[in-house]
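The block underneath contains the structure these notes are about, expressed in structure tokens.
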Amino acid sequence: MSNIVEVKNFQMIFGNKEVIKELSFTVKQGEIFGLLGSNGSGKTTTIRALLGLYQPTAGELLINGQKFVPSEKTAVGYLPEERGLYMKETVIDVMTYFGHLKGLKNPKEWSLKYLNRVDLQDSATKQVGKLSSGMQQKVQLGLTIMGNPKLLILDEPTKGFDPVNRKLLMDIIAESHDKGSTIIMITHYMEEVERLCDRAILLKDGVARAYGKITDIKKEFGGKSLDEIFVSVYGEKND
């Protein structure tokens, strides 16, 4: 199985602070990969460097064997933790606009089907800014998976959701995987990792403290659950 993401000897220094220290890992094509860690562990910094938003101090970060370039944006769907939508436009107009950018033949039809799936069909003509944060999050996930990108990078995709909506979004993410997307998930919910991820890396202070198959990571820590491993590695409860 080939690697769709390669991070090689990655180092990132901001001022006098070394945020990432000689980090190396791969994400294999077709897998769901967990990028885990407490706040400040280096997860978002790694993703931003992978997408060219940060210039690494040292090392290489590659997608499909090359540095990410904006012209390849349709091959990558990125859901940042900080959401960003056109608040004064209607939901359907925003989704149709992004659908055209991604080359969908019938973006409005796709968008309406998606909104029905996430129970937002009655909000299609509402301004985005008038939706709740959870509703906006559902819209942004739709923009992220639109067009079936080869690589999905999801930063806390279900943060703040109740269990019913969290399961709904997890099901949608699993469906994207079934359609061929490789997925990198950044999440604090270890049950999501247990359910979906093939492999994972646990970062602390920019260093990998565990890396590999979920079953192997659990064996390495004496058969502990991922929540227990979180506590032992980070010295804090995973909330």
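The model shown is predicted, which means the values in this text are computed figures rather than measured ones. Start at 1 with the first residue, then count along the sequence.
No side-chain heavy atom of L168 sits under 4.5 Å from any side-chain heavy atom of D119. For the pair I153 and L50, the minimum side-chain heavy-atom distance is below 4.5 Å. Taking the side chain as every heavy atom from C-beta outward, Q121 and L112 never approach each other to under 4.5 Å. Side-chain contact between M95 and Y97: absent, with no pair of heavy atoms (C-beta onward) separated by less than 4.5 Å. Between F10 and E22, every side-chain heavy-atom pair lies at or beyond the 4.5 Å cut-off. Looking only at side-chain heavy atoms (C-beta outward), V128 and Q136 come within less than 4.5 Å of each other. By the 4.5 Å heavy-atom criterion applied to side chains, L62 and V5 are not counted as neighbours. Looking only at side-chain heavy atoms (C-beta outward), V139 and V118 stay at 4.5 Å or farther from each other.
Evaluation of the side-chain hydrogen bond (donor to acceptor under 3.5 Å, both in side chains) rule for N106 yields no partner, not counting sequence neighbours. Y54 is linked by a side-chain hydrogen bond (donor to acceptor under 3.5 Å, both in side chains) to R48, counting only residues two or more places apart in sequence or in another chain. Legend: residues meeting side-chain contact (heavy atoms from CB on, under 4.5 Å) with D171, ordered by chain and number and at least two apart, are R117, K167, R195.
Between the CZ atom of F161 and the CG atom of L169 there is a distance of 5.0 Å, given to the nearest 0.5 Å. Rounded to the nearest 0.5 angstrom, I184 CD1 and D155 CG are separated by 11.0 Å. Atom-to-atom distance recorded for N116:CG and D122:CG is 9.0 Å, nearest 0.5 angstrom. Note that OG1 of T187 and CG of L35 are 10.5 Å apart. Values are rounded to the nearest 0.5 Å. With rounding to the nearest 0.5 angstrom, the CZ atom of F230 is 6.0 Å from the CE atom of M190. To the nearest 0.5 Å, atom CG of residue L203 and atom OG1 of residue T46 are 5.5 Å apart.
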- prompt: Can you check side chain to side chain contact (heavy atoms under 4.5 Å, CB included) on L23 and I201, steps first, answer last?
  reply: CA-CA 11 Å; L23 181 65; I201 188 168; 3.9 Å; yes

field: Derivation and outcome, side chain to side chain contact (heavy atoms under 4.5 Å, CB included), residues K150 and V76
entry: CA-CA 6 Å; K150 294 178 182 177; V76 178; over 6 Å; no

task: Evaluate the criterion side chain to side chain donor-acceptor pair (under 3.5 Å) for residue pair Q11 and T57; output intermediate values, then yes/no.
output: CA-CA 5 Å; Q11 181 190 38; T57 304; 5.3 Å; no

message: E31 vs T182, test: side chain to side chain donor-acceptor pair (under 3.5 Å). Steps then yes/no.
response: CA-CA 5 Å; E31 75 176 342; T182 301; over 6 Å; no

query: Going through the distances and angles, do S123 and L131 end up as a side chain to side chain contact (heavy atoms under 4.5 Å, CB included)?
result: CA-CA 8 Å; S123 300; L131 302 182; 3.9 Å; yes

message: Go through it in stages, so that I can follow the logic: the residues are N165 and K138, the test is side chain to side chain donor-acceptor pair (under 3.5 Å), and I'd like the CA-CA distance, side-chain angles, deciding distance and then a yes or no.
response: CA-CA 9 Å; N165 277 310; K138 288 180 180 180; 2.9 Å; yes

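Residues in residues 101-137 take part in these ring pair (Phe, Tyr, Trp, His ring centres under 6.0 Å) pairs, two or more places apart or across chains: W110-Y114.
Hydrophobic clustering of Ile, Leu, Val, Met, Phe, Trp and Tyr side chains at less than 4.5 Å, counting indirect connections, unites L101 with L104. Under the 4.5 Å side-chain contact rule for hydrophobic residues, M146 and Y86 share a cluster. Clustering ILVMFWY residues whenever any of their side-chain heavy atoms sit less than 4.5 angstrom apart, transitively, puts F98 in the very cluster that holds M87.
No donor-acceptor pair under 3.5 Å is formed between the side chain of K28 and the backbone N or O of S2. For E228 (side chain) and S225 (main-chain N/O), a donor-acceptor pair under 3.5 Å exists by modelled atom type. In this structure, E60 contributes its side chain and V7 its backbone to no donor-acceptor pair below 3.5 Å. When atom types are taken as modelled, the side chain of T96 and the backbone of I92 share a donor-acceptor pair closer than 3.5 angstrom. With S181 contributing its side chain and I183 its backbone, the two residues share no donor-acceptor pair below 3.5 Å. Without hydrogens or angle criteria, D162 side chain to V164 main chain gives a donor-acceptor distance under 3.5 Å. Looking only at distances, a side-chain donor or acceptor of Q127 sits under 3.5 Å from a matching main-chain atom of K88. Judged purely by atom type and a 3.5 angstrom limit, S232 uses its side chain to pair as donor or acceptor with the backbone of I229. K102 places a side-chain N or O within donor-acceptor distance of the main-chain N or O of L143, the cut-off being under 3.5 Å. A donor-acceptor pair under 3.5 Å is formed between the side chain of S132 and the backbone N or O of M135.
Enclosure of atom CZ in F14 by more than 12 non-hydrogen atoms of other residues, nucleotides or ligands within 6.0 angstrom is indicated.
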Distance-only check: which donor-acceptor pairs under 3.5 Å involve side-chain atoms of residues 213-222, not counting sequence neighbours?
residue, atom, partner, partner atom, Å
K218, NZ, E194, OE1, 3.3
K218, NZ, E194, OE2, 3.4

Could you list the donor-acceptor pairs under 3.5 angstrom formed by side chains in residues 204-212, with sequence neighbours left out?
residue, atom, partner, partner atom, Å
K204, NZ, V233, O, 3.1
Y211, OH, T26, N, 3.1
Y211, OH, T26, OG1, 3.4
Y211, OH, R199, NH1, 3.2

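Between F25 and F33, the two ring planes are parallel [angle under 30°; tilted spans 30° to 60°].
Shortest non-hydrogen contact noted between P107 and G99 is CB-CA, 3.6 Å. Contact between L61 and A49 at its shortest, heavy atoms only, is CD2-CB, 3.9 Å. Taking all atoms of both residues into account, the shortest heavy-atom contact from K43 to G37 is NZ-O, 3.0 Å. F68 approaches L51 most closely through the heavy-atom pair CD2-O, 3.3 Å. In plain terms, the two heavy atoms of P157 and M170 that are nearest each other are CG-CE, 4.3 Å. Considering every non-hydrogen atom in both L36 and Y234, the closest pair reads O-OH, 3.7 Å.
Ion pairing between a basic and an acidic side chain is recognised when a charged N comes within 4.0 Å of a carboxylate O; R166 and E191 show such pairing.
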